[in-house]
Amino acid sequence: MLLINTVLLFFALLPLPYGYYILLRFTVCFGSVYEIITNPTLNKDTIFIFIAIAVLYNPIIKMPLGKPIWMIVNVLTAIYFAYQLYRRR
């Protein structure tokens with residue numbers, strides 16, 4: 001799930017229709033919650049970061065950030081997901 005979300009987050013840097021970003025919110029929020037549930041060995045800091053990502057990408061209550069800020073958040077989230085993938089190898 002992290003790999004899929006990482007790729008989707010990097011694609012979000014392209015000028016895509018608004019529907020893509022709504023889909024991105026659902027997948028990243030769900031993926032973050034999924035990681036918490038399926039990995040009981042995560043430490044508290046990692047769990048906190050995944051919860052923060054899930055809240056930030058929550059598709060029901062949107063965070064009113066501008067497009068430039070969202071681009072930075074998307075890149076940082078993708079880097080964090082890639083780091084988590086690398087750490088598990």
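- Follow the hydrophobic side-chain contacts under 4.5 Å out from Tyr80 and you reach Met63 in the same cluster.
- Here Cys29 contributes atom SG and Tyr34 contributes atom OH; the two are 15.5 Å apart, rounded to the nearest 0.5 Å.
- Residues Phe30 and Asn5 form no side-chain contact, since every pair of their non-hydrogen atoms from C-beta on lies 4.5 Å or further apart.
- Summarising the geometry of Pro59 relative to Lys62, their closest heavy-atom pair is O-CG, 4.4 Å, with the distance given to 0.1 Å.
- A 6.0 Å sphere centred on CZ of Phe10 holds more than 12 heavy atoms belonging to other residues, nucleotides or ligands.
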Donor-acceptor contacts under 3.5 Å from residues 44-58 side chains, at least two apart:
residue: Thr46; atom: OG1; partner: Asn43; partner atom: OD1; Å: 2.7
residue: Tyr57; atom: OH; partner: Asn74; partner atom: OD1; Å: 2.7
residue: Tyr57; atom: OH; partner: Thr77; partner atom: OG1; Å: 3.3
residue: Asn58; atom: OD1; partner: Ile60; partner atom: N; Å: 3.0

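- Here the CG-CZ distance, from Leu76 to Phe81, works out to 11.5 Å after rounding to the nearest 0.5 Å.
- For OH of Tyr20, the number of neighbouring non-hydrogen atoms (other residues, nucleotides, ligands) closer than 6.0 Å is greater than 12.
- Hydrophobic clustering (side-chain heavy atoms under 4.5 Å, transitive across Ile, Leu, Val, Met, Phe, Trp, Tyr) keeps Ile79 apart from Leu24.
- For Ile4, the CD1 atom is loosely surrounded, since the number of other residues' heavy atoms within 6.0 Å does not exceed 12.
- For the salt bridge (charged side-chain N to carboxylate O under 4.0 Å, His left out) condition, the pairs that include at least one residue of residues 11-35, sequence neighbours left out, are Glu35-Arg88.
- Residues Leu2 and Thr6 share a closest heavy-atom pair of O-OG1, 2.7 Å.
- No side-chain heavy atom of Leu8 sits under 4.5 Å from any side-chain heavy atom of Val28.
- Each of Leu9, Leu13, Val7 was checked for a side chain to side chain contact (heavy atoms under 4.5 Å, CB included) with Phe11, and the lone residue meeting it is Val7.
- Residue Val73 is grouped with residue Leu14 when hydrophobic side chains (ILVMFWY) are merged at heavy-atom distances under 4.5 angstrom, including chains of intermediate members.
- Counting all heavy atoms, side chain and backbone alike, Ala12 lies closest to Tyr21 at O-OH, 3.1 Å.
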